[in-house]
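First the structure, in the form of structure tokens, and then the observations on it.
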There are 2 protein chains.
Amino acid sequence: MINQNIKIAVDAIVFGYEKGTLYVLAIQQRFGKLADSWVLPGGFILDDEPLINAVERELKEEAGIAVNYLEQLGTFGDDVNRDDRFRVISVAYFALVNPKNFVLKADTDAKDAKWFPINEIPKLGFDHDDMVKLAHQRLKSKLTYQPIGFDLLDAEFLFSDLENLYCTILEQDIDRRNFRKKILSFGIVKETNKVVKIGASGRPGKLFSFDKHKYNQLLKENFQFDIRFA
Amino acid sequence: MINQNIKIAVDAIVFGYEKGTLYVLAIQQRFGKLADSWVLPGGFILDDEPLINAVERELKEEAGIAVNYLEQLGTFGDDVNRDDRFRVISVAYFALVNPKNFVLKADTDAKDAKWFPINEIPKLGFDHDDMVKLAHQRLKSKLTYQPIGFDLLDAEFLFSDLENLYCTILEQDIDRRNFRKKILSFGIVKETNKVVKIGASGRPGKLFSFDKHKYNQLLKENFQFDIRFA
DNA sequence: TCAAAAGTGTTCACCGTACACCCATGA
DNA sequence: TCATGGGTGTACGGTGAACACTTTTGA
């Protein structure tokens, strides 16, 4: 029979968004050679554990969170020395969460868990910088052809929140009128009858919500979500 | 230290195209429980072998081919019983090759290696049917936003070849004039001064070639390849 | 001269883009 | 009344879509 001496891990790049800033979740190691340094949440999988469950477990254990969106990003196994203890192949996952929904809670192996603005992430251990870079690209491109932005926002949000999210993540200006026109033309965002005002002044705005059911219906009819601007 | 009892394999979905038909490469097992049944080319990786090298090695060993295009497709490790001998996690790769460039040559573990038209693939072992399905979707969508079709054709090809490739893979009719106009507008396909005729009759056509260098240049200038039709 | 495949332009409709003013609220 | 953010419509140009005849070759 085959004999292999390779371990399998999962890691997650978890994005959060709040008030014009995109964040990534990192964990401070408690033990081992990399103690005190920052890495992505993740760890070794159990023998009878599906990959996806391993990610969800680690996110719960290391930071106390459950994500809104989770998909496989890619498997890192070409550099046989990416972990210098022994060979580890890591399956990286891409995740989105609304930071408001959780209070980070470092647990078990983790000394600390923290949101870092995407541009202020400390040097991460292993090849986790590469993973973040890849995930960031995926986020940017996916935002344009799949309605995943809503997984970063509250269930009910102002149009300006959605618009700022796109501006922030895509790093470009967007025309408010054209943006609203296009989003509404899809029919997957519906207006609630609630009105709120944020901050000290300004006209209150209507709250909107993402109609996931409608979106799934449209998908069956060959609908293609697509937000791109000059 | 961590103890895991999981093996890691790679598998490849290799697409070939010839005369209006899309093919997938499959291997007939020589040994083991699945002897005689068809599976995707692949196998266990070596302890000190990068994943990508493992795929290339297996393709050479099992079918005697070297591909034009290779990228990671995804990792299959949620079904812990996808291999009923013991737990195997497989990293699937997506590959393109011009079948004309090679004579398939089953080697070592393989009893036979064969091209199957995408619609006539026999039931494959493990979860390889799922892999083919996923790869097929990837091929279809990628064809529209990345110039990978050229990796399935000869270095020099007729415009009608390219057009038929798109028709075949995307399973839709394409207006010849609009297709040619759009492809040529990108400036990444250049006309050679060779003229050939295929078959017994009809006007001979000019040969064209893909200008990869030009494409890479354009990428730096934010060029976006995009072929979509009604 | 016929059959088969290559080559070629124009028109129209729609959508993406640019652009600026009024409204509601609290201080 | 002022500052702040919310809400709205139109005109133009470019691009995708539809569409048919001529050319070159071998039989």
Side-chain angles (χ1 to χ4, degrees), chain A residues 18-20 143-145 153-154 156-168 170 172-209 218 222-230, chain B residues 18-20 143-145 153-154 156-168 170 172-209 218 222-230:
Chain A
E18 206 162 17
K19 292 179 192 137
L143 206 57
T144 67
Y145 65 86
L153 294 175
D154 295 342
E156 299 190 325
F157 50 85
L158 294 169
F159 231 99
S160 57
D161 292 333
L162 187 62
E163 187 199 318
N164 288 329
L165 185 148
Y166 272 84
C167 289
T168 302
L170 298 180
Q172 62 177 340
D173 292 336
I174 293 178
D175 182 278
R176 286 165 57 217
R177 282 167 291 191
N178 293 339
F179 181 77
R180 175 186 277 250
K181 215 182 307 173
K182 190 150 187 183
I183 293 279
L184 289 178
S185 75
F186 294 146
I188 59 176
V189 167
K190 58 182 180 194
E191 194 173 314
T192 68
N193 45 19
K194 297 174 203 161
V195 167
V196 294
K197 73 176 174 312
I198 310 287
S201 72
R203 172 175 172 175
K206 286 200 197 103
L207 287 172
F208 291 81
S209 70
L218 288 171
N222 260 346
F223 166 73
Q224 178 61 24
F225 181 85
D226 192 20
I227 295 282
R228 273 182 258 195
F229 291 97
Chain B
E18 205 161 17
K19 290 178 194 138
L143 205 57
T144 67
Y145 65 87
L153 293 175
D154 295 341
E156 299 189 325
F157 52 86
L158 294 169
F159 231 100
S160 57
D161 291 334
L162 187 62
E163 187 199 318
N164 288 328
L165 184 147
Y166 272 83
C167 289
T168 301
L170 299 180
Q172 62 178 339
D173 292 338
I174 293 178
D175 180 279
R176 287 166 55 220
R177 282 167 292 188
N178 292 339
F179 181 78
R180 176 185 276 247
K181 214 183 305 172
K182 190 152 189 185
I183 294 279
L184 289 177
S185 74
F186 295 146
I188 58 176
V189 166
K190 58 183 183 192
E191 193 173 316
T192 69
N193 45 19
K194 298 175 203 159
V195 168
V196 295
K197 73 177 176 309
I198 309 288
S201 71
R203 173 174 172 175
K206 287 200 196 102
L207 287 174
F208 291 81
S209 69
L218 287 172
N222 260 345
F223 167 72
Q224 179 60 24
F225 180 84
D226 189 20
I227 295 280
R228 273 183 256 193
F229 291 98

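Naming convention: chains lettered A, B, ... in sequence-line order (proteins, then strands); numbering from 1 in each chain.
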Rounding to a whole Å, what distance do you find between [X]:[atom1] and [N]:[atom2]?
X: B/I198; N: C/dA5; atom1: CD1; atom2: P; value: 11 Å
X: A/Q224; N: C/dC15; atom1: CD; atom2: C1'; value: 16 Å
X: A/F229; N: C/dC15; atom1: CZ; atom2: P; value: 15 Å
X: B/K19; N: C/dA5; atom1: NZ; atom2: C1'; value: 16 Å
X: B/R180; N: C/dT8; atom1: CZ; atom2: C1'; value: 8 Å

note = Readout for nucleotides 18-27 of chain C: B = base within 4.0 Å of protein heavy atom, S = sugar-phosphate only, - = neither; 5' to 3' it is BBB--BBBS-
message = Do B/L162 and B/F179 make a side-chain contact, defined as non-hydrogen atoms from C-beta onward lying under 4.5 Å apart?
response =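 SC-SC contact between B/L162 and B/F179 confirmed.
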query = Just wondering, do A/L143 and A/I227 contact through their side chains at under 4.5 Å, heavy atoms?
reply =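 SC-SC contact between A/I227 and A/L143 ruled out.
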request  = Please find the earliest and latest nucleotides of DNA chain D, in the 5' to 3' direction, that have an atom within less than 4.0 Å of any heavy atom of chain A.
outcome  =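 Terminal contacting nucleotides, 5' to 3': D/dT4 to D/dT10.
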Search all heavy atoms of [X] against all heavy atoms of [Y] and return the closest pair with its distance.
X: A/P204; Y: A/V195; value: CB-CG1, 3.4 Å
X: A/V189; Y: A/L184; value: O-CD2, 4.1 Å
X: A/F208; Y: A/R180; value: CZ-NH1, 4.2 Å

task = Please work out which of the three classes, parallel, tilted or perpendicular, describes the rings of B/F225 and B/F186, given edges at 30° and 60°.
result =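 Rings of B/F186 and B/F225: tilted, as their planes differ by 30° to 60°.
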query = If you draw a 6.0 Å radius around CG in A/D226, do more than 12 non-hydrogen atoms from other residues or ligands fall strictly inside?
reply =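 More than 12 within 6.0 Å, yes.
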inquiry  = If you count every heavy atom of other residues, nucleotides or ligands that lies below 6.0 Å from B/K182 atom NZ, does the total exceed 12?
reply    =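 Yes - once you tally the heavy atoms of other residues, nucleotides and ligands closer than 6.0 Å, there are more than 12.
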query = When you match B/R228 and A/L158 each to their closest nucleotide on DNA chain D, which lands nearer the 5' end?
reply =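 Closer to the 5' end of DNA chain D: A/L158.
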